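In what follows, a structure is listed as structure tokens, so that the remarks can point back to it.
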Amino acid sequence: MSPSPPYHGPAVRRAVPLLALGALVAPALALAAPPAQAAETLLSQGRPATASSQEGDGYAPSAAVDGNLTGTRWASRWSDPQWFQVDLGQRSDLSRVVLTWEGAYGRSYRIQASDDGTDWRTLKTVTGGDGGTDELAVTGSGRYVRMLGTERSGGYGYSLWEFQVYGSTDGTPPTTGAVEVTGSQGNWQLTVGGQPYTVKGLTWGPAIADAPTYLPDVKSMGVNTIRTWGTDGGTKPLLDSAAANGLKVVNGFWLQPGGGPGSGGCVNYVTDTTYKNTMLTEFTKWVEAYRNHPATLMWNVGNESVLGLQNCYSGAELEAQRNAYTGFVNDVAKKIHSIDPGHPVTSTDAWTGAWPYYQRNAPDLDLYSVNSYGDICGVREDWEQGGYTKPYLITEGGPAGEWEVPDDANGVPDEPTDVQKAEGYTKAWNCVTGHRGVALGATLFHYGTEHDFGGIWFNLLPDGLKRLSYYAVKRAYTATAGNDNTPPVVSALAVSPASSAPAGGEFTVRADVRDPDGDPITYKIFLSGNYANGDKRLVEASWRSTGNGTFAVRAPEKLGVWKVYLQAEDGRGNAGIETKSVKVVAPPVTGTNVALNKPTTASSFQPSYGDCPCEPAKATDGRTDTRWASDWSDPQWIQVDLGSATPIRKLQLVWDPAYAKSYEVQVSDNGTAWRTVHSTTTGNGDIDTIDVAASARHVRLHLTARGTGWGYSLHEFGIYG
């Protein structure tokens, strides 16, 4: 699995198609309603019932499902534990279990469900029971339902007048049995147990331990499938929870270099037989473990590796590696088919340009898969022009990604608005369903809860808050547009000054915010340093409201381009979130920078590391995109010759992340005898603006303790008279 949204690299048309995002028209804002629910039905009456024991011939299990509340009963032997179960005949959505106890009741017991009568999931645990009638609300699904008694109320056994299970079923056979791709060229269909099955899916983000919490919500969206990126020994609880909620799983297998551009692991697929044999053995183990699990829908081998191999190889070697990789995928597909002929095998990549490699080298795949975001409709065109003879599944899709949108005025990707993202999901699903007989469905990206840079861009419910995109997916999958309470809509977000916010000072954020349901709105404002320092976290900003949808926000001390997020919450679990970039610059200092382009020397400098050479003069060139960097040792110094004795009243030090924790500001008239005019042992790497009252020709920083394992690095060493 991928614990957070995976990176997707730069795309080119005919590689990862691009979607032109449009504004969401007014009717599309009438967002989704819950799917229609079937009426609750008594499912258990007259169904086959069994038990761990019975007290005698007159107390058979069937007596507890015959509809007679006072005349007949099941009774067990006088020991713990005991169980009673009923076979509902097919998987059903369960809502309520009613136990009408005789005098011998269960003090402690569990209500459990199962799809096969062997593997059980606990829906409700009761302790301290007092007999009478227990009416228990439950959530889940299953064909078999049982009471597992663990503690009797007295010396007798367990005795039930009636065991009633309520829920709903649409009357169709349960989606179990073999999964197949059936049909012929351009007229394919995915079937489960012989029944048509269109994948209405989401990629899965939360921890497996949280599956019982979130999967009922996933199902309520009309989703029937979730997709993972990895399958191992920890996967079973997720599969169990999915089955309990009537969901299927696309079980992923990870191969290096997974995740497309920016992801790691450079395997040589031409020569590294050890790696290939190891992965084949590993995958085989988990196919054998989960091939009969009722939640398994198909196997997905690899994720974006054909594209990702460009990080490792180039030219003819890249072509050889891509051919070898897809040939290995075919070996895996053949092995899976030999173990599990009842489930299809696919392989995902980030661009349709990978499909010719699969077409040439992986004939044993049952279908292709592609992660396509922006121009998802272009997948159909690519499939038709490529002359392919297999159907496909969209395994990730939704709004345009970071790699697909134009840059804003600050040179960073211009993130779509909430409204545009919601429209992106709607268009994605329309494109999938529009390619009938070829596109077998989609697992749209992403049912995730991370509240960070990637989470705000793609997650349907960051921090558990539902967004416009959540309801757009729900409407697409349920074809309903009713009376759900929906999020606030944020529009016309603007930041001022967008390209010159002073570090540590204030800038203004303004937006129009309305709630379609008239709910009161509360606000939060966050900052992300993803583009400034690589930190993708969202940190709550210091801000104040100035009225009329306008806020004064304190800028970070670190220079660079930051993202600012306005989050509007309605108190009903929904949020509208919009973001813009803001460029943080050094705060202006009045007066003249007398160090500008003056002779500058240092104890050392980095000649060839990263963006270097980083000579001392680059700290006094007036540019914050260049820097001086020292050797990685203590102490170090950098000094400026002002040419003559000059009055000095202020210094401004613009640090790179390699900053000084302890240093002294020293001045000299001759460059030999130095006197200290300022010192600190608590430097934090932010911009240091220092008041100085001195007159001197030479000014230097004597740097005695580094703040990092690197050296010392200054973008600017400003001296103002």
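This structure is a prediction, so every number in the text was calculated from the model and none was measured.
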Should [X] and [Y] count as an ion pair when the cut-off is N to O under 4.0 Å?
| X | Y | result |
| --- | --- | --- |
| Glu540 | Lys524 | no |
| Arg649 | Asp691 | no |
| Arg627 | Asp625 | no |
| Arg227 | Glu396 | yes |
| Lys580 | Glu415 | no |
| Glu506 | Arg544 | yes |

Test item: Thr592 side-chain N/O and Val594 main-chain N/O as donor-acceptor pair under 3.5 Å: no
Residues in side-chain hydrogen bond (donor to acceptor under 3.5 Å, both in side chains) contact with Asn548, at least two apart in sequence or another chain: none
By side-chain hydrogen bond (donor to acceptor under 3.5 Å, both in side chains) - contacts of Ser633 (at least two apart): Gln636
NZ/Lys618: more than 12 non-hydrogen atoms of other groups inside 6.0 Å: yes
Ignoring hydrogens and geometry beyond distance, is a side-chain donor-acceptor pair present between [X] and [Y] at under 3.5 Å?
| X | Y | result |
| --- | --- | --- |
| Asn574 | Asp570 | yes |
| Glu319 | Gln321 | no |
| Thr624 | His715 | no |

Minimum heavy-atom distance between Asn410 and Ser499, given as atom pair plus value: OD1-OG, 2.7 Å
Shortest non-hydrogen contact between Val561 and Tyr531, atoms and distance: O-CB, 3.5 Å
Tyr447 and Trp204 aromatic ring geometry - parallel, tilted or perpendicular at 30°/60° bounds: parallel
Row check, Trp632 ring normal vs Arg706 NZ/CZ: under 6.0 Å, within 45°: no
Interatomic spacing from OG1 in Thr228 to CG in Asn303 - rounded to 0.5 Å: 10.5 Å
